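Just so it is clear, the structure is predicted and the values come from calculations on it, not from any experiment.
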Amino acid sequence: GAGVSQSPSNKVTEKGKDVELRCDPISGHTALYWYRQSLGQGLEFLIYFQGNSAPDKSGLPSDRFSAERTGGSVSTLTIQRTQQEDSAVYLCASSLGAGPYYNEQFFGPGTRLTVL
Amino acid sequence: KNEVEQSPQNLTAQEGEFITINCSYSVGISALHWLQQHPGGGIVSLFMLSSGKKKHGRLIATINIQEKHSSLHITASHPRDSAVYICAVHYSGGGADGLTFGKGTHLIIQP
């Protein structure tokens, strides 16, 4: 596709439910990133994938968060037992590679998650 | 903790004014990004730089690696430049390879 796409664009869920957020990176981009933007807060890094592997998961805020990427393309971010503090816009970005010279990141439109 | 500091937090200017937004960071980086986010909109990458200066149209970004400082300039500002401008860095060395972000500068250009 022309750019990074994310689905759904909006998700409203009840506290305690699980949610899955999806990211389709730009074709050919091997690096994929998940970020979170909470109301009144800046952007924070969650996790990145180089190919199918996630070298560092330390940015995930709790063990309720997990992410996977299969086939080196689509990624899903799963939040189990959602809490109200999980409400945020979840952004995905992709880049050609993960090194500094390939690191220009292209962002998706985000998924706005609201936990009631 | 590695931090990215931006100033000013908020800036209101008149159309046509020259705008400067500053960013400083604490440790060595491999690249610095300037991003733009319009209200309710997505994030667009404006520049990625690791040294020197880059120019796209009315936008200019500079970086001084020794001083750990970068500036984003907008010449002949226009109301459509109103947005949040975010500085982000890719730290060199180990650890997570995602970006570390500043809190953003909310720019309003009045006609």
Side-chain angles (χ1 to χ4, degrees), chain A residues 2-6 9-10 23 26 29-51 53-61 65 67 75 77 88-112, chain B residues 1-7 9-10 21 23-25 27-52 54 56 59 61 63 65 70 83-106:
Chain A
V4 178
S5 60
Q6 292 187 245
S9 54
N10 282 283
C23 172
I26 292 172
H29 281 194
T30 62
L32 185 148
Y33 307 80
W34 283 100
Y35 299 99
R36 177 168 76 170
Q37 188 172 35
S38 305
L39 188 63
Q41 307 265 355
L43 282 146
E44 64 174 315
F45 165 73
L46 298 178
I47 190 170
Y48 106 97
F49 291 88
Q50 177 56 42
S53 66
D56 191 327
K57 301 179 181 180
S58 61
L60 294 175
F65 287 70
S75 174
L77 177 69
V89 176
Y90 289 83
L91 291 152
C92 175
S94 70
S95 65
L96 201 55
Y101 301 108
Y102 304 100
N103 200 245
E104 181 176 10
Q105 297 187 19
F106 296 83
F107 287 79
T111 293
R112 182 176 296 279
Chain B
K1 179 179 176 181
N2 300 332
E3 292 192 344
V4 179
E5 300 287 340
Q6 280 187 243
S7 64
Q9 280 188 295
N10 296 282
I21 300 170
C23 174
S24 60
Y25 51 91
V27 297
I29 65 169
S30 55
L32 182 143
H33 300 246
W34 282 102
L35 310 169
Q36 180 192 58
Q37 186 172 33
H38 280 102
I43 293 176
V44 174
S45 175
L46 298 175
F47 295 101
M48 183 184 74
L49 64 167
S50 55
S51 66
K54 287 190 175 180
H56 287 154
L59 301 178
I63 188 168
I65 296 294
S70 175
V84 177
Y85 292 84
I86 303 167
C87 173
V89 301
H90 186 252
Y91 283 110
S92 50
D97 277 346
L99 296 173
T100 300
F101 298 87
K103 294 193 185 303
T105 294
H106 188 189

Let me know if I86(B) has heavy atoms under 4.5 Å from chain A in its side chain, its backbone, both or neither. side chain

Using the test ring-ring contact (aromatic ring centres under 6.0 Å, His included), find all partners of Y85(B) that sit at least two apart in sequence or belong to another chain. none

For a 4.5 angstrom cut-off between non-hydrogen side-chain atoms, does F107(A) reach L35(B)? yes

Is I47(A) close to chain B through its backbone or its side chain, or both, or neither, when contacts mean heavy atoms under 4.5 Å? neither

How would you list, by chain and number, every residue that makes a side-chain hydrogen bond (donor to acceptor under 3.5 Å, both in side chains) with S24(B), sequence neighbours excluded? none

Checking Y48(A), F45(A), Y35(A) against L99(B) for side chain to side chain contact (heavy atoms under 4.5 Å, CB included), the one that qualifies is Y35(A)

Work out which heavy atom in Q105(A) is nearest to a heavy atom in S45(B); give both atom names and the distance. O-CB, 3.6 Å

Quick check for you: to the nearest 0.5 Å, what is the distance between E104(A) atom CD and L46(B) atom CG? 9.5 Å

